[in-house]
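The structure presented is a predicted model; accordingly, all values stated were derived computationally and were not measured. Numbers for residues simply follow the sequence, beginning at 1.
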Amino acid sequence: MKTEDNQISLQEFLVKTSYQTQTTLSTDKQCENPLAFGSGFIVKYKNELFFVTADHTLHLEDYKKNKRTGIEYVVSIFNNYTPPDNYLSTILTPLGDFHYMEQFNLDKPDSANELIDITLCKLKNINLQYPFLCDDSTFNKHNKLSISVDCFSEPQIDKDYLIFGQIKTRIEGIQVLREKTLKEKLRFKSKNGDYFLFNTPKTIIDSEEWEGLSGSPVISEDGHCVGVLCSVNQNSKSIWVMPIAKVNMLLEIAIQQEKLETLNLKK
């Protein structure tokens with residue numbers, strides 16, 4: 001795979017572009033009591049860095065009630081970095097100022113807006129004070145990477161797709177225990193509404209084998225990112241992916257909103 005700096009293997013690309021997240025209450029200032037775990041990735045767009053994940057990792061209540069509730073949680077990224085002065089701890093980077101979308105149905109003006117299951121935020125200097133490192137044994141403590149929009153692509157039916165990440169995350173004492181997983185040979189089937197439908201090689205018997213992967217980038221065998229994993233159907237082969245075009249749209253919205261806010265501040 002071609003990155004900004006060098007050529008790397010597909011395995012390295014998958015590991016280094018996968019970030020694990022946790023969700024906590026906004027009142028949990030130390031982010032010590034996770035409610036859920038997820039995934040995400042960093043995109044470089046117009047010389048800025050943005051963190052992308054599934055919106056349901058940020059708005060837990062919204063997706064239970066299928067409407068905007070106004071309740072916001074805190075999403076933090078695992079840095080996998082241990083500060084020199086406290087070797088028993090690991091750094092978490094909390095994020096804020098997320099952008100997200102809803103869709104209005106012109107044919108049904110009285111219906112509720114449809115939630116679009118992606119969200120992103122621009123990374124500020126405070127979010128980058130600690131490095132984001134791999135905890136994979138092959139690339140242990142290597143710096144993680146961003147995905148360039150040049151790697152965005154539409155899925156093709158004759159290619160294999162992959163997802164790498166962490167599942168079954170739990171806290172035991174002071175330890176964070178988790179299992180790495182690689183989902184291989186995913187195949188694009190069709191576009192259904194706002195989503196891409198992919199099929200797994202085998203029926204998904206246990207959805208826990210996927211819990212924690214929401215927000216992961218879906219990567220082709222030649223290193224192109226085609227979308228964001230949103231959900232899976234247990235007892236089927238179906239996984240649902242938000243097209244990368246939606247991410248591109250939200251990136252541009254975020255840039256334009258930031259420009260407007262800057263102009264308003266100058267008035």
Side-chain angles (χ1 to χ4, degrees), residues 14-26 31 34-45 48-64 68 71-80 91-102 115-124 127-128 132 134 144-149 151-152 162-167 169 176 178 180-181 183 194-196 198 210-219 225-232 239-255 257:
L14 288 166
V15 171
K16 290 187 174 181
T17 56
S18 171
Y19 295 72
Q20 186 182 22
T21 68
Q22 72 169 27
T23 305
T24 52
L25 291 169
S26 59
C31 301
L35 303 172
F37 298 96
S39 299
F41 55 105
I42 292 177
V43 171
K44 187 171 185 180
Y45 182 67
E48 301 284 2
L49 295 176
F50 293 84
F51 187 76
V52 180
T53 186
D55 187 44
H56 72 259
T57 67
L58 175 68
H59 296 108
L60 302 178
E61 295 302 317
D62 295 10
Y63 286 81
K64 292 177 183 176
R68 294 297 181 197
I71 301 172
E72 292 243 344
Y73 292 83
V74 174
V75 170
S76 302
I77 309 173
F78 283 88
N79 287 72
N80 301 315
I91 297 294
L92 281 167
T93 294
L95 305 176
D97 298 327
F98 277 90
H99 299 265
Y100 45 92
M101 296 191 293
E102 300 169 30
L115 307 182
I116 306 298
D117 199 6
I118 53 165
T119 186
L120 58 83
C121 69
K122 179 182 172 183
L123 296 180
K124 303 172 184 176
N127 306 131
L128 302 171
F132 297 107
C134 301
K144 294 220 169 195
L145 301 173
S146 61
I147 296 176
S148 168
V149 292
C151 292
F152 288 3
L162 309 95
I163 294 170
F164 175 84
Q166 311 271 6
I167 60 172
T169 303
V176 180
R178 46 201 173 173
K180 298 175 184 63
T181 188
K183 308 301 185 185
D194 286 323
Y195 293 89
F196 289 146
F198 282 74
W210 291 78
E211 286 182 5
L213 296 180
S214 292
S216 295
V218 180
I219 305 295
C225 181
V226 300
V228 182
L229 177 66
C230 292
S231 63
V232 305
I239 69 172
W240 298 95
V241 174
M242 187 63 65
I244 203 66
K246 290 283 189 183
V247 175
N248 223 6
M249 180 189 302
L250 192 51
L251 284 167
E252 191 55 42
I253 289 171
I255 290 286
Q257 285 184 339

Would you say Tyr63 and Asp55 are linked by a side-chain donor-acceptor pair, where the criterion is simply a distance under 3.5 Å?
yes
Donor-acceptor pair, side chain of [X] and main chain of [Y], under 3.5 angstrom:
X	Y	value
Ser39	Gly215	no
Asn79	Thr93	yes
Thr17	Ile42	no
Ser18	Phe164	yes
Thr169	Arg178	no

I'd like to check [X] versus [Y] (side-chain heavy atoms, cut-off strictly below 4.5 Å). Are they in contact?
X	Y	answer
Arg68	Leu115	yes
Phe37	Glu211	no
Met242	Ile116	yes
Phe50	Val149	no
Trp240	Asp117	no
Thr119	Thr53	yes
Ile147	Phe152	yes
Val218	Phe196	no

Name every donor-acceptor pair, under 3.5 Å, that has one atom in a side chain of residues 94-101 and the other anywhere in the protein, sequence neighbours excluded.
{"from": "Asp97", "atom 1": "OD2", "to": "Lys124", "atom 2": "NZ", "distance (Å)": "2.4"}
{"from": "His99", "atom 1": "ND1", "to": "Gln257", "atom 2": "OE1", "distance (Å)": "2.6"}
{"from": "Tyr100", "atom 1": "OH", "to": "Glu72", "atom 2": "OE2", "distance (Å)": "3.0"}

Looking only at heavy atoms, which two atoms of [X] and [Y] are closest? And how far apart?
X	Y	result
Ala54	Val228	N-CG1, 4.4 Å
Val74	Cys31	CG1-SG, 4.5 Å
Ile244	Cys225	CD1-SG, 3.7 Å
Leu60	Ala36	CD2-CB, 4.5 Å
Thr57	Gly38	CG2-CA, 4.5 Å
Asp62	Ile71	OD1-O, 4.3 Å

Asn127 vs Phe51, test: side chain to side chain contact (heavy atoms under 4.5 Å, CB included). Steps then yes/no.
CA-CA 10 Å; Asn127 306 131; Phe51 187 76; over 6 Å; no
Could you measure the distance from the [atom1] atom of [X] to the [atom2] atom of [Y]? Nearest 0.5 Å is fine.
X	Y	atom1	atom2	answer
Leu251	Lys122	CG	NZ	12.0 Å
Tyr195	Lys246	OH	NZ	9.5 Å
Cys151	Lys44	SG	NZ	12.0 Å
Gln166	Thr181	CD	OG1	9.5 Å

Quick one, Lys183 with Leu213, criterion side chain to side chain contact (heavy atoms under 4.5 Å, CB included). Give me CA distance, side-chain angles, the key distance, then yes/no.
CA-CA 10 Å; Lys183 308 301 185 185; Leu213 296 180; 4.0 Å; yes
Report the residue from Tyr19, Phe78, Phe41 that forms a ring pair (Phe, Tyr, Trp, His ring centres under 6.0 Å) with Phe132.
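Passing option: Tyr19.
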Partners passing side chain to side chain contact (heavy atoms under 4.5 Å, CB included) against Leu25 (at least two apart in sequence or in another chain):
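Counting only residues at least two positions away or on another chain, Leu25 forms a side chain to side chain contact (heavy atoms under 4.5 Å, CB included) with Thr27, Asp28, Leu35, Tyr73.
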